[in-house]
K.L.:
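Can you keep this structure in mind? I'll have questions shortly.
Chain letters run A, B, ... following the sequence lines, proteins first and then strands; every chain starts at 1.
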Amino acid sequence: MSTRFAAAYGAVALLAAVLAGPVHAHEGHDHGAAPPPVSKTIAPRGEALSDAFELVAIPRDGTLALFLDRFRTNEPVPGATIEVETPDGPKVATATTDGGYALPAPWLSKPGRHELVATVTAGDAVDVLTVAVTVPDPKAVAAPAKPAPAQAALARVSEVAHGVRERLTAKDPTLVAAVAVAFLLGMLVTALARGRRGAPAVALVAIGITIILGTAAFAHGDEDHGAPVQGAALIEPRQGGPATSDLAQRLPDGSVFVPKPTQRLLVLRTTMTEQGSFHRSVELPGRIIPDPNASGVVQSSVGGRLSPPPSGLFPRLGTKVRKGDVLATVTPPVQAIDVSDMRQRQGELDQQIAIVERRVERFRRLATTGAVAQTQLDDAVAELNGLHDRRAALDKIRQQSETLVSPVDGVVAQATAVAGQMAAPGAMVFQIVAPNRLWVEALSFDALTAAQDATARLADGRTLKLAYQGTGLADRNQAIPVQFAVQGDASGLRVGQFVTVLAGTDTEQSGLALPRSAVVRTGNGQDVVYEHTTAERFEARPVRVEPLDGGRVLVAEGIGPGKRVVTQGAELLDQVR
Amino acid sequence: MILPRVTLVAGLLAATTAYAHETSGQHGGRVTDAGKFHVELVAKGETVDVFLSDEGQKPVPAAGFKGTAILVVGGKPARVPLAPADGNRLTGKAATALGASPKGAVQLTGPDGATASGKFN
């Protein structure tokens, strides 16, 4: 038994000796090293905050780049004077084309921590800011610091252990051979030392076992030992000083790092959250309708042939018309039977006119002599006039057409008129809408008592202010129609367009009002807002939002007051990976 | 490269704590952190006195230090060079009278060339 133990010890000792060399030769990368941090691409930088400004200082290639923004809104501050205290006295930074400021700073090339004082004058705002920047030691970057002796020994042990593990998993033939030879030698040495008689037999058995084990192990030794796969995480990033440009990136802790130049490209703007009390609002589906008192339809009362108005042209879509303008004429057709009837009547009338005319002439002559009473002459004249009127009316009725006039001022919203077209009685020929007088009809599922502060949101994000007009009582699709008048500019709206109406109710609610654009829905369906935590860092905060009005939402939970929240560009920020 | 980030974060933390840290000192001025030191700013008339002490509020000899105080007076920045005086005191004279507690900052350059700055609100 002890023979085998001793042989095993020998095997381990020899194995260590054999492996120590190859492991040493197996260079290339450090196994103990952690994967390089993602932020290797971010140059060292310092930042300072005050209640008016936010300053970021980046030392790079002997120049100090400065970026100045408003603290609350994150707007860049152009045209400011930034005076930095240098070892050579105060120096003023010059504005650069990318909206920042630059200052030649050869004194910053010395590695270590530099605490700077910058005096910022922008308009009538003056602020003194302290910024600490740390210039990395280029030597420290190029060659990692030498570990302490104890650490080195530990590293060596771990390397050896790692080597053994690797070889075991790879079924390395060298390893198998080393174990086998060591075992064999150990057995022989032990047997000889004890001077037993059976030593040759033991040696024979040991050799036999070793060979069998060895071949068995070699049978597995046909794996491909080609080039080891190098993980992407092990690829060294490029060396040599800080990167020349920083990249927006999502840091391992989930926050988003966006350098100032990128913030300007994305036009990121923030606002300070404030707690407030707001009326709770309900969302209703709605549709744009024309104001019933400022719109109208033009219909023909008789069936007939459409012809253009005296101007010669039908008003087209979008034409401005005034109340009373003639838009078209309708000429009713005369049927063949009516024509013959009329001609017969005409003949009769002409005949009667001729008779009565002669009678009137005769009476006129006789009336002077007194043979005919004056009354008889008057009757005959009246009869003649009546006959003339009837004849004239008969002539006129053949040409008379109906003129279609605009009932209101507005623009032509719908036109179906084509010259020569036969219009059916009651058919709509034109629809006139006053474009600046539009209403919204929404369907409410519960009776809105006091629909104050109503707004409508369009699909493109535009909002309209609405004034409550009235609620119907008749049920329509299980809901009650509620009408609102659009206030202010209503250009660009069309009748029939769908809108979302947000109507305020009496119940009050407290929370933070934020623009709708501040809330982003992430991939997992959660609503988040981005908090501007430090000058170049943004953190997503999951929030619970409730509708407030067309342009704003109410953040009920998830973020407190006094925080800077991105209101513009949050969608873009969410895309940073 | 973790180091710059660590220092950045540390700097930020220091900056935020500096806001909260401002207290009144032994000489009746305001105390704030500047690097590894505590500085107390006493502005009286046109004279600016800065007292230097370490984390344990033990005075640090001012000899060898240089300093600049930039204080906002009446909406205009006033730059006051500071020179070491007796004990842990650096002193300088401003061109105009300073208010009761002007806001601004103090930058100190140590004998080893290291800079430290503290902000007073």
Side-chain angles (χ1 to χ4, degrees), chain A residues 34 36-51 59 81 83-87 89-90 107-108 110-121 123-137 140-141 144-145 237 239 242-243 251 257 533-537, chain B residues 1-22 32-37 39 41 50 65-82 98-99 102-110 112-121:
Chain A
V38 187
S39 59
K40 192 133 193 174
T41 53
I42 303 173
R45 53 195 61 226
E47 58 185 48
L49 308 172
S50 74
D51 48 2
T81 311
E83 202 177 66
V84 180
E85 289 300 313
T86 70
W107 42 273
L108 263 182
K110 202 178 85 172
R113 184 179 163 89
H114 297 264
E115 295 206 2
L116 311 173
V117 177
T119 313
V120 175
T121 314
D124 51 358
V126 178
D127 222 326
V128 185
L129 298 161
T130 56
V131 191
V133 289
T134 304
V135 177
D137 195 345
V141 171
Q239 292 285 353
L251 297 179
F257 169 83
T533 50
T534 66
E536 294 183 311
R537 211 179 257 245
Chain B
M1 286 304 280
I2 282 179
L3 189 67
R5 283 183 58 208
V6 168
T7 43
L8 172 71
V9 170
L12 290 173
L13 284 174
T16 45
T17 48
Y19 277 117
H21 195 82
E22 203 172 285
T32 192
D33 282 351
K36 54 185 178 178
F37 305 112
V39 287
L41 179 79
V50 169
F65 277 91
K66 278 188 300 182
T68 309
I70 301 170
L71 302 168
V72 180
V73 185
K76 284 205 175 75
R79 193 170 173 277
V80 184
L82 301 172
L98 306 162
K103 71 170 191 174
V106 170
Q107 187 184 35
L108 296 168
T109 310
D112 56 349
T115 52
S117 56
K119 196 166 184 289
F120 296 92
N121 287 306

K.L.:
Should the pair E83(A)-R79(B) be classified as a salt bridge under the 4.0 Å nitrogen-to-oxygen rule?
P.N.:
no
K.L.:
Which atoms of T68(B) are under 4.5 Å from chain A, going by heavy atoms: the side chain, the backbone, both sets, or neither?
P.N.:
side chain
K.L.:
Tell me the closest heavy-atom pair linking D127(A) and K119(B), and the distance in Å.
P.N.:
OD1-NZ, 4.3 Å
K.L.:
Under a plain distance cut-off of 3.5 Å, with no hydrogens placed, do E115(A) and S117(B) share a side-chain donor-acceptor pair?
P.N.:
yes
K.L.:
Using side chain to side chain contact (heavy atoms under 4.5 Å, CB included), reason through V128(A) and L71(B) one step at a time and then give a plain yes or no.
P.N.:
CA-CA 8 Å; V128(A) 185; L71(B) 302 168; over 6 Å; no
K.L.:
With a cut-off of 6.0 Å (strictly less than), are more than 12 heavy atoms of other residues, nucleotides or ligands near NZ of K103(B)?
P.N.:
yes
K.L.:
Run through V126(A), V120(A), T81(A) and flag the one making a side chain to side chain contact (heavy atoms under 4.5 Å, CB included) with P77(B).
P.N.:
V126(A)
K.L.:
For residues I70(B) and E85(A), report the shortest heavy-atom separation together with the two atoms involved.
P.N.:
CD1-OE2, 3.2 Å
K.L.:
For Q107(B) versus L116(A), what's the shortest heavy-atom pair and its separation?
P.N.:
NE2-CA, 3.8 Å
